[in-house]
Amino acid sequence: MANAMHLLHVMSHQSDTPQTIGSETRRRVWGYARPYRSKVAGFLAVVTASSLLGVVPPLLFREIIDGAIVTGDRDRLTVLGLLVVAAALAQAALAFVERWASATVGEGLIFDLRVALFDHVQRLPISFFTRTQTGALVSRLNNDVIGAQRALTGTLGTVVSNAITAATTLLTLFLLEWRVTLLAMVLLPLFILPARRVGRTVADITREGMNLNASMNVTMTERFNVSGAQLVKLFGRPSEETDGFARRAGRVRDIGIRNALFSRAFVIALTLLGATGTAIVYWVGGSLAISGSITIGTLASMGVLVAQLYGPLAQLTNARVDVMSAFVSFERVFEVLDAPNPVADSPDAQPLPAEATTGHLAFHDVSFRYPAADDTSVASLETDATPDEPGRIVLDGIDLTVGPGQMLAIVGPSGSGKSTLASLVPRLYDVTDGSITLDGHDLRTLFQEELRSRIGVVTQDPHLFHDTVGANLRYARPGATDADLDEACRAARILDVVRRLPDGYETVVGERGHRMSGGEKQRLAIARLLLKDPAVVILDEATSHLDTENEAIVQLALADALAGRTAVVIAHRLSTVVDADEIVVLDEGTIVERGRHSELRDAGGLYAELWEALVRGENGAEGGAGIGPDGP
Ligand SMILES: Nc1ncnc2c1ncn2[C@@H]1O[C@H](COP(=O)(O)OP(=O)(O)O)[C@@H](O)[C@H]1O
Ligand SMILES: [Mg+2]
């Protein structure tokens, strides 16, 4: 490892531009390699043994010529010939062990990296995901990790083995005849100098190529999910889509060609160098042999060694380029691993007492603004990476208390901050000022997983995984029996529907539940909530997407689900909140009215206005007046 580290050190000193790989990145890569120290040591031992073996055959050739052919000793010739074969066999065996060791280390390291990345990303706050393009992120998790993998299993292994081979070969050459060797080497600097520049260019090209690949992925993931595909079809634009995609794919193609040309120019230059070097050895060495200062055996041996030297040198210089581009992948992976997580568990987080959650929820003078991009996201994963202003205040001075088992209703015009308020309870975001408590504990002092296990949320458009009905339900309670599922589905008024499905609980719901109707999906989400059995339930306009008939069934299911739980209900229709213990009217992020239905209705404020509109709507048009995104 020390050797490899030294090598990289030397390499990085050859190119000190801002575009090259920071020592920090290198340190982190080695940090990931640390658990594999013993395997790495074994690898280095095998590589060294194999490199030493590599100079044995050329030296045996020398003996064959000088010690057997010239003297006419046939027995010696046979023995030496067999020795050459034995050396080749031993080298073959070692090559296998070497590859095993490097692959185990490389793949293991990538495994660690991949799992760390997945773990980190899924714990990032929701604000990261609202800003990130899924395709770019997936590409980062796939292509870049594979790029890094290539670096370690292939490139880095060959770099080390080539370095050692080159060193031993060079040393042997010098010991055989240093003047000729020196002459054969004078051309090398001519090559190394441009190689540095090409290396940088290739690293840049690789970086650009990775970005283009990601942008191609973004198009595919956006268009090839059900909603995207539907939009493309409904607007009748498949040809434009293909053109746009072809433009991106075309740039990927062009950059691939440039990359290939640059890399190949490199190899060609080295091959020329090797040919010239070999010629010099035979030319100058030949005249030394004529004058008798070296033997023909030595000359032949040097010819083989020089040819053997340029191979590893060629790969080595080329590998430097590969290592550079591989480190680009590492940098891109680390960039995601470094994405800040402002909603993390505090180091002295407290567990909630096991059975004691009564569901007493309180907001104390809470203000909130959405975090700015720099605080939550990785710029290169966004389309529009311009840093934005810290958001404006979305909630201001909110004071609320909901007692155990009580129901708090939140109403207000669209954009007044209702959903935002609800998202603070399971800590999708942390409050900017003030605090929220559950049973008297500040949410920030609790473990997030534990907090979230006590809170159930149903939104307008609940998400289902592309999996079976049963698996989606058990996501809330992995150990649930079929009887548990039946019970939850019955309470959620979905049991009949599930029973009518072709495979019952084993039926796959389709991507994001697209094979279910809106009402069915909503009731499945309620069944899932019941299985979770949370102390606090939050409904964010849970029925606003439904038609009247479906809404009635879902309302029934919800009434059961809320019984005995603390509830925060964001209401689309005022008729659903008349029974609330308290109604809070939000407007532009502040509470403008609060009280019970009858008080508010008679108070003549915003609530009365909304109520008026509702009553008018129900007497007039079908469906009633909505208060929410589609409301007046
Ligand atoms: N992820 C977000 N980032 C920045 N601003 C947001 C985000 N989500 C909502 N907002 C803004 O916060 C305000 C309140 O939104 P929201 O809570 O969704 O309102 P409501 O649910 O009452 O319709 C709106 O002005 C909206 O534009
Ligand atoms: Mg909303």
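FYI, side chains are in, hydrogens and waters are out, and symmetry mates aren't considered; it's all heavy atoms of this structure. Indexing begins at 1, ligand by ligand and atom by atom, following the structure's order.
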Visitor: Could a heavy atom of Gly412 be found less than 4.0 Å from some atom of ligand 1?
Guide: no
Visitor: Given that the side chain starts at C-beta and the backbone is N, CA, C, O, which of these parts of Arg131 lies under 4.0 Å from ligand 1, counting heavy atoms, or is it both or neither?
Guide: neither
Visitor: Is the shortest distance from a heavy atom of Arg392 to ligand 1 less than 4.0 Å?
Guide: yes
Visitor: Near Tyr429, which atoms of ligand 1 are under 4.0 Å from a heavy atom of that residue?
Guide: 1 (N)
Visitor: Ignoring angles and geometry beyond distance, decide whether Thr130 reaches within less than 3.5 Å of ligand 1 through its nitrogen or oxygen atoms.
Guide: no
Visitor: Can any side-chain N or O of Arg565 pair as donor or acceptor with the backbone N or O of Pro534 at less than 3.5 Å?
Guide: yes
Visitor: Indicate whether any N or O donor in one side chain lies under 3.5 Å from an N or O acceptor in the other, for Tyr370 and Thr420.
Guide: yes
Visitor: I'd like to check which ligand 1 atoms, numbered from 1 as shown, lie under 4.0 Å from a non-hydrogen atom of Thr420.
Guide: 14 (C), 15 (O), 16 (P), 17 (O)
Visitor: With a cut-off of 2.8 Å, does any N, O or S atom of Ser419 fall short of it relative to the Mg ion (ligand 2)?
Guide: yes
Visitor: Taking the basic N atoms (NZ, or NE/NH1/NH2) and the acidic carboxylate oxygens, is any pair closer than 4.0 Å for Arg237 and Asp243?
Guide: no
Visitor: In a check of side chain to side chain donor-acceptor pair (under 3.5 Å) between Tyr607 and each of His597, Glu593, Glu612, which one passes?
Guide: His597
Visitor: I'd like to check which ligand 1 atoms, numbered from 1 as shown, lie under 4.0 Å from a non-hydrogen atom of Val394.
Guide: 12 (O), 13 (C), 14 (C)
Visitor: Do any N or O atoms from the side chain of Arg528 and from the backbone of Ala476 form a donor-acceptor pair under 3.5 angstrom?
Guide: no
Visitor: Looking at Ile583, Val584, Leu408, which hits side-chain contact (heavy atoms from CB on, under 4.5 Å) with Val577?
Guide: Ile583
